[in-house]
Protein chains: 2
Amino acid sequence: MAVTIRDVARASGVHISTVSRTFSAPHLVNPNTRSRVLACAEQLGYRPNRAARALITGRTYNIGLIVADIANPFFPPLIKAAESQARKHDHHIFVADTNEDAAVEEEVVRALAKQVDGVLLVSPRMSNTLIEQLSREVPLVVVNRQIAGIPAVVMDVARGARIAIEHLVALGHRRVALLSGPRGSWTSREIRRSAAATAKAGGAELTIIGPNPPTEVGGLTIAEDVLRAGATAVLAYNDLMAIGLIEGLLAAGARVPADVSVVGIDDIMLSRLTRPKLTTVATPTAAAGRAAVDMLLAHGDDRRTTAQIHLQTELVIRDSTGRGPGPHSPADPGDVNAPGGVAS
Amino acid sequence: MAVTIRDVARASGVHISTVSRTFSAPHLVNPNTRSRVLACAEQLGYRPNRAARALITGRTYNIGLIVADIANPFFPPLIKAAESQARKHDHHIFVADTNEDAAVEEEVVRALAKQVDGVLLVSPRMSNTLIEQLSREVPLVVVNRQIAGIPAVVMDVARGARIAIEHLVALGHRRVALLSGPRGSWTSREIRRSAAATAKAGGAELTIIGPNPPTEVGGLTIAEDVLRAGATAVLAYNDLMAIGLIEGLLAAGARVPADVSVVGIDDIMLSRLTRPKLTTVATPTAAAGRAAVDMLLAHGDDRRTTAQIHLQTELVIRDSTGRGPGPHSPADPGDVNAPGGVAS
DNA sequence: GCCATTAATGCAAGCGGTTGCACGCAAGTC
DNA sequence: GACTTGCGTGCAACCGCTTGCATTAATGGC
């Protein structure tokens with residue numbers, strides 16, 4: 001069946017160890033021999049069996065990537081970037097979807113542990129304690145979570161939430177609702193903390209609604225609550241919820257942004273395509289995917305790197321935010337509803 | 001470091017082969033021994049090394065899944081379903097993104113071949129010949145392509161295109177444009193063939209524009225061409241292009257559907273959220289993902305299954321299609337622009 | 001011309017499991 | 001009581017590859 005190192009050895013008249021070295025330590029083999037071996041290998045269509053190699057070297061050249069929900073448009077660009085970056089380093093990516101379930105998350109990490117060089121935990125729902133424990137079993141890089149001693153790539157959502165709230169306050173909004181995300185989400189906690197502080201500093205009242213499933217439906221079903229709370233502006237945990245919320249608000253007869261302004265977080269592609277176009281906090285997902293892979297691979301060299309990379313977020317003003325009932329800041333640009341905005 | 005079968009054997013006072021059998025052939029070991037071994041394994045945190053097992057058994061319990069572009073919203077639900085189905089059977093999924101590049105596709109299949117039990121090729125861009133060749137190196141299941149002798153899951157896009165065109169013709173459209181997809185796409189050819197036949201039968205003129213990149217931008221940039229062609233209705237290769245096209249048409253001052261009707265294919269989540277909501281052909285992506293995994297795993301038992309599974313498509317009428325200039329069919333329902341439609 | 005280096009290759013022991021075969025032993029048959 | 005039967009277990013080879021060490025031949029120093 002499959003062609004092995006022995007077939008190549010036989011064909012090129014050398015010992016298997018020489019064939020092995022031709023691939024894993026070429027400088028140790030005579031150039032003539034090397035090219036002969038390579039020719040035979042090529043001709044036979046030989047490909048080293050990575051599983052067998054992993055057994056000895058302990059390196060699998062595989063990376064696990066765990067996300068809460070592949071179908072959430074936030075993740076695919078990150079996965080794509082990670083996969084591409086991994087492939088540059090000749091690594092492959094295992095993708096697993098946990099359906100937002102912390103228990104599944106743990107199980108998947110454990111199942112993957114032995115056959116990967118490390119695991120990327122993206123927006124985990126597990127507890128810090130559990131993550132710390134797992135990180136002793138397999139190299140881990142977390143994305144969107146800060147845990148002392150664990151390498152991480154974090155997007156500065158706190159700043160994102162701050163500028164989002166400042167934007168709303170500057171527009172004259174004084175009653176703002178925050179749609180929080182799923183339980184267990186570090187990002188959601190960060191947003192809440194930062195939004196609360198910013199609202200307080202700006203003299204606005206912040207109503208927190210949630211936790212909610214981070215989906216369109218999660219936003220849709222909560223429109224009533226938002227209206228009942230009398231909020232004139234909303235910051236949602238992510239774009240999907242923001243878009244769902246807008247649907248719900250429109251269905252309930254409210255206008256966006258005339259009656260209620262809505263800000264999302266993530267800047268998924270979708271946000272540019274819905275009507276009104278969504279004002280949102282852009283997060284550098286592709287960069288995060290690349291950085292996480294890089295950290296994991298670097299991690300291999302000098303053990304126990306605990307560096308944490310911070311990535312910046314930006315507010316992208318589009319059409320879902322407008323003037324509120326209160327006085328708006330003089331520093332505020334004229335007509336924020338004009339098409340365009342920062343990077344529409 | 002990691003706990004191996006030997007550690008468990010030592011701890012439970014049996015030979016490693018007994019430990020091995022406890023996991024891979026429990027009926028061969030005495031219940032008492034079995035429970036003792038299991039207890040030790042549990043206590044030590046033993047997990048069988050799949051790579052080592054694969055070396056002997058030839059089964060890796062891994063599946064490769066290759067898509068053209070993870071970021072295209074068409075794929076994530078399919079990947080999610082496949083991953084979930086695979087996990088039910090204790091398999092893991094390698095995901096690879098080829099950036100719509102046939103050469104990358106080939107390379108990735110080859111790279112993955114040795115470490116998976118089979119590969120799912122979703123909407124491949126490679127030639128049939130190449131796919132046939134690769135299928136001799138590794139079990140393959142193709143999604144959205146029909147090749148004699150290769151197991152496949154195909155969505156009946158030909159029917160989808162037919163009912164989409166019939167819908168447009170019934171609405172009175174006589175000049176229809178077809179935005180074809182990427183070169184190498186079987187789906188695109190099927191759509192073109194079916195749309196052409198249907199248009200001819202219905203007395204409509206079909207202008208084919210393309211090939212195009214299957215993205216929002218692909219649709220956006222082509223709006224001018226559509227208007228220039230004088231088409232009053234368009235069928236796009238996928239929803240992303242349809243949505244981009246609508247953006248482009250609106251930007252160019254055309255109204256949708258008053259001036260131009262647009263139909264997409266796929267029914268991605270996005271199609272329900274844009275304005276106007278997109279009329280589109282729904283494809284059963286999740287079902288396809290599950291079916292493909294099932295076929296691949298069944299494939300293992302009775303070698304050389306070449307069954308092909310056909311999945312049905314449906315037209316979902318939403319708000320992007322309306323009456324055309326020609327006489328509309330008497331069989332046509334009253335106001336197709338009423339909100340709702342088949343399953344809005 | 002002899003010895004120490006060095007370069008190139010072979011040898012063989014594993015990595016962590018699986019599996020065909022052989023063995024010991026208790027139970028059943030006559 | 002000798003003989004089959006079959007269950008439970010151990011033994012050892014092996015999957016495809018890596019790697020420390022031994023071996024050999026060629027090279028250089030003096």
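Values below: every heavy atom of this structure, side chains too, minus hydrogens, waters and symmetry copies. Throughout, a chain's letter reflects where its sequence line sits, starting with A, and its residues are numbered from 1.
C:dA7 atom C1' lies 18 Å from atom NE2 of A:His15, rounded to whole Å. In this structure, NE2 of A:His27 is placed 12 Å from C1' of C:dA8, rounded to the nearest angstrom. Computed from coordinates, the A:Arg21 CZ to C:dG10 C1' distance equals 8 Å when rounded to whole Å. Whole-Å rounding puts the B:Ile5 CD1 to C:dT18 P distance at 5 Å. Atoms CG (B:Leu55) and P (C:dT19) sit 12 Å apart, rounded to a whole Å. If you measure from atom CD of A:Gln115 to atom C1' of C:dG17, you get 14 Å, rounded to the nearest angstrom.
Closest to the side chain of A:Asn49, out of D:dT18, D:dC17, C:dA8, is D:dC17. Proximity note for B:Ile56 (side chain, C-beta onward) versus C:dA12, D:dT18, C:dG17: the nearest is C:dG17.
Distances shorter than 4.0 Å separate some side-chain N or O of A:Thr18 from OP1 or OP2 on C:dG10. When the side-chain nitrogen and oxygen atoms of A:Ser20 are compared with OP1 and OP2 of D:dG16, none of them lie within a distance under 4.0 Å.
Cation-pi check for B:Arg59 over B:Tyr61 is met; the charged atom lies under 6.0 angstrom from the ring centroid and within 45 degrees of its normal.
Within 4.0 Å of B:Arg34, counting heavy atoms only, lies no atom of the nucleic acid at all. At the heavy-atom level, B:Tyr46 lies under 4.0 Å from the strands shown only through sugar-phosphate atoms. Within the nucleic acid shown, A:Val19 has no heavy atom closer than 4.0 Å to any nucleic acid atom. If you check every strand for non-hydrogen atoms under 4.0 Å, B:Ser17 touches a base. In this structure, B:Arg50 reaches neither bases nor backbone, as no heavy-atom distance under 4.0 Å exists between it and the strands shown.
Smallest separation of non-hydrogen atoms from A:Ala82 and A:Leu65: CB-CD2, 4.2 Å.
Residues A:His92 and A:Ile63 have side chains not in contact (no heavy-atom distance under 4.5 Å, counting atoms from C-beta outward).
Residue side chain B:Arg53 does not reach the base of C:dG16 through any donor-acceptor N/O pair under 3.5 Å, judged by distance alone.
A distance of 5.5 Å separates CD1 in A:Ile150 from CD in A:Glu132, rounded to the nearest 0.5 Å.
At a threshold of 4.0 Å, the pair B:Asp97-A:Arg87 does not count as salt-bridged, since none of the basic side-chain nitrogens sits closer than that to a carboxylate oxygen.
Nearest-nucleotide positions on DNA chain D for B:Asn30 and A:Pro48 put B:Asn30 closer to the 5' end.
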